[in-house]
Asks: 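Before I ask anything, let me first share the structure, which is written out below as structure tokens.
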There are 2 protein chains.
Amino acid sequence: MEIRRLIEKGFAVKKFRKDSIIYEPGMQPKNVYFIKTGEVRMVTISDEGKEFIQGVFKAGQYFGEPALLINRPYLAYTIVNKDSEIIQVAKDGFFLLIEEEPDFSMALIKTLSNRLFYKSMMLEELANEKAEHRLLTLINYLLADVEVGNALRFTRQELADMTGLRVETVIRGVKLLSSKGLIFMVKGKIVRGM
Amino acid sequence: MEIRRLIEKGFAVKKFRKDSIIYEPGMQPKNVYFIKTGEVRMVTISDEGKEFIQGVFKAGQYFGEPALLINRPYLAYTIVNKDSEIIQVAKDGFFLLIEEEPDFSMALIKTLSNRLFYKSMMLEELANEKAEHRLLTLINYLLADVEVGNALRFTRQELADMTGLRVETVIRGVKLLSSKGLIFMVKGKIVRGM
DNA sequence: GCGCCTTTATGATCTGGATCATGTTTTACA
DNA sequence: TGTAAAACATGATCCAGATCATAAAGGCGC
């Protein structure tokens with residue numbers, strides 16, 4: 001798919017080590033980032049140092065377009081979760097991609113729509129719902145792309161950082177949901193049932 | 001701009017009275033809605049009846065695309081704020097618009113990016129920041145498209161429904177921000193200073 | 001298998017903002 | 001321009017979840 005095409009077109013692949021920071025808030029966007037291998041997280045960090053995970057991006061996905069497209073400084077950090085290979089496509093190249101690759105433009109629109117869907121869902125949860133409800137909604141959303149019978153590969157801390165809750169609250173919440181039969185657990189892991 | 005083109009192309013303009021509901025959560029998306037005149041709000045409503053304002057859309061803007069594009073049922077209500085004239089463009093027509101109007105596709109991508117920016121900003125606020133900070137961020141964002149010296153045209157209740165706070169908290173918060181000189185008020189209205 | 005770091009667990013206390021109650025002031029429009 | 005409705009205001013109480021503290025399991029490299 002896309003990534004191979006980019007390499008063919010001569011874009012350089014750059015390696016990033018775990019925990020390195022690809023960009024931080026306030027920086028003026030220069031590139032869009034296509035992940036060849038590895039994983040990154042996009043997080044905002046409050047004055048008190050609390051992380052909020054805006055998104056997690058994996059091989060085959062890209063990130064950093066919105067800020068570039070509307071020409072505003074980044075709001076978030078993007079930090080490397082696992083050693084990664086990433087292709088940086090500069091502004092002009094990205095615009096060319098949108099204009100000249102007919103499918104890419106449509107795929108981008110759908111990608112942005114999916115992210116909006118997720119953020120709208122989470123906004124409603126954070127604004128209106130209590131811990132238990134928030135957690136259940138997030139877990140169900142995340143389980144949708146886990147194979148039946150497999151475990152959710154997020155720690156309690158990560159669930160906390162995605163819901164704006166604290167680890168302790170997530171731990172207690174997960175127990176509660178499990179005891180109510182709303183989620184299924186195997187050996188302390190949340191598992192997609194049925 | 002776009003709206004005129006749509007009318008030329010023979011799309012019918014439909015009238016909606018204030019308070020009527022254009023669609024509700026769970027409905028399968030069939031159209032994208034272009035506002036010729038008037039104003040609507042997109043809101044999610046919790047089980048306890050609390051509204052969260054996901055967005056406000058005015059003349060010249062459109063809404064309802066993301067759900068249509070990714071083919072998922074709506075998450076939110078869209079409710080008419082003021083008597084409106086709205087052009088409904090069905091799925092096929094909208095896809096045609098994207099494919100055939102070269103500028104439209106790019107404009108849509110930027111629109112989606114702007115909405116993502118706003119939602120990311122608010123997610124960070126709701127997840128990590130206290131009432132006062134939340135309010136200040138929202139107010140500054142909203143003031144950006146108010147003329148210098150003009151007042152913000154949102155009620156305390158609306159600010160509450162955009163921040164996930166309660167009216168009383170917004171009222172107290174606005175006073176506090178004003179007393180600290182972080183926002184400027186004239187006759188009880190928040191005004192864009194400088 | 002042993003030690004060390006990460007993750008999960010659980011109890012006790014504290015607090016920001018919700019909730020409830022009851023005005024007062026502004027705005028809309030008849 | 002009078003009046004009802006909407007918006008703003010303020011005090012008192014309450015509570016979900018944060019915070020703090022301390023410990024038990026898991027995982028993983030050597």
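Keep in mind that the numbers below use all heavy atoms, side chains included, and drop hydrogens, waters and symmetry copies. So you know, we letter chains A, B, ... as the sequences are listed, proteins then strands, and number each from 1.
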Asks: Which is true for Gly173(A) with a 4.0 Å heavy-atom rule: it touches a base, it touches only sugar-phosphate, or it touches nothing?
Replies: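 Answer is nothing: Gly173(A) stays at 4.0 Å or more from every strand.
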Asks: Considering just the side-chain nitrogens and oxygens of Lys187(B), establish if one lies under 4.0 Å of OP1 or OP2 belonging to dT26(C).
Replies: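 The answer is no; no side-chain N or O of Lys187(B) sits under 4.0 Å from OP1 or OP2.
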Asks: Output the rounded distance in Å from CD (Glu158(B)) to P (dA6(D)).
Replies: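 That distance rounds to 14 Å.
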Asks: Please give, in whole Å, the distance from dC14(C) C1' to Lys130(B) NZ?
Replies: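 Nearest whole value for this atom pair: 13 Å.
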Asks: Of the listed nucleotides (dT19(C), dT10(C), dA18(D)), which one gets closest to any side-chain atom of Glu168(B)?
Replies: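 Within the option list, the nearest is dT19(C).
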Asks: Taking donor-acceptor contacts at under 3.5 Å, does the side chain of Arg156(B) reach the base of dT10(D)?
Replies: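 No.
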Asks: May I have the distance from Glu129(B) (atom CD) to dG16(C) (atom P), rounded to whole angstrom?
Replies: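 Result: 15 Å.
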Asks: How many whole angstroms separate atom CG of Leu126(B) from atom P of dG16(C)?
Replies: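 About 18 Å, once rounded to whole Å.
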Asks: Is any NZ, NE, NH1 or NH2 atom of the basic residue among Asp83(A) and Arg17(A) found under 4.0 Å from an Asp or Glu carboxylate oxygen of the other?
Replies: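 A salt bridge is present here (some side-chain N lies under 4.0 Å from a carboxylate O).
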Asks: When you measure from the side chain of Arg156(B) to the backbone N and O of Val167(B), does any donor-acceptor pair fall under 3.5 Å?
Replies: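 It does not hold such a pair.
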Asks: Roughly, in whole Å, what's the span from CZ in Arg172(B) to P in dG11(D)?
Replies: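 Going from Arg172(B) (CZ) to dG11(D) (P), I get 8 Å.
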Asks: Between Arg41(A) and Glu158(A) (salt bridge meaning N to carboxylate O under 4.0 Å), is one present in this structure?
Replies: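 No salt bridge links Arg41(A) with Glu158(A).
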Asks: Give the rounded distance in Å between these two atoms: CD of Gln157(A) and P of dA25(D).
Replies: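 The answer, rounded to whole Å, is 21 Å.
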Asks: Nearest whole angstrom, please: distance from the C1' of dC8(D) to the CZ of Phe154(B).
Replies: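 Spelled out: CZ on Phe154(B) to C1' on dC8(D) is 18 Å.
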Asks: Looking for any heavy atom pair under 4.0 Å, which part of the strands does Lys189(B) touch: base, sugar-phosphate only, or nothing?
Replies: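 Contact class for Lys189(B): sugar-phosphate only.
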Asks: Which of the following nucleotides, dT27(C), dT19(C), dA9(C), is nearest to the side chain of Ile171(A)?
Replies: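 Nearest nucleotide to the side chain: dA9(C).
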Asks: When you get a sec, tell me which of dT10(D), dG17(D), dA7(D) is the closest nucleotide to the side chain of Thr169(A)?
Replies: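 Selected nucleotide: dG17(D).
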Asks: How are the rings of Tyr23(B) and Tyr33(B) set relative to one another: parallel (under 30°), tilted (30 to 60°) or perpendicular (over 60°)?
Replies: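 Tilted, since the angle between the ring planes falls between 30° and 60°.
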Asks: Look at Glu39(A) together with Lys82(A) and state whether they make a salt bridge at an N to O cut-off of under 4.0 Å.
Replies: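 Counted as a salt bridge, because a side-chain N and a carboxylate O are separated by less than 4.0 Å.
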Asks: Let me know the distance between CZ of Arg166(A) and P of dT15(C), rounded to the nearest Å.
Replies: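 Value for this atom pair: 15 Å.
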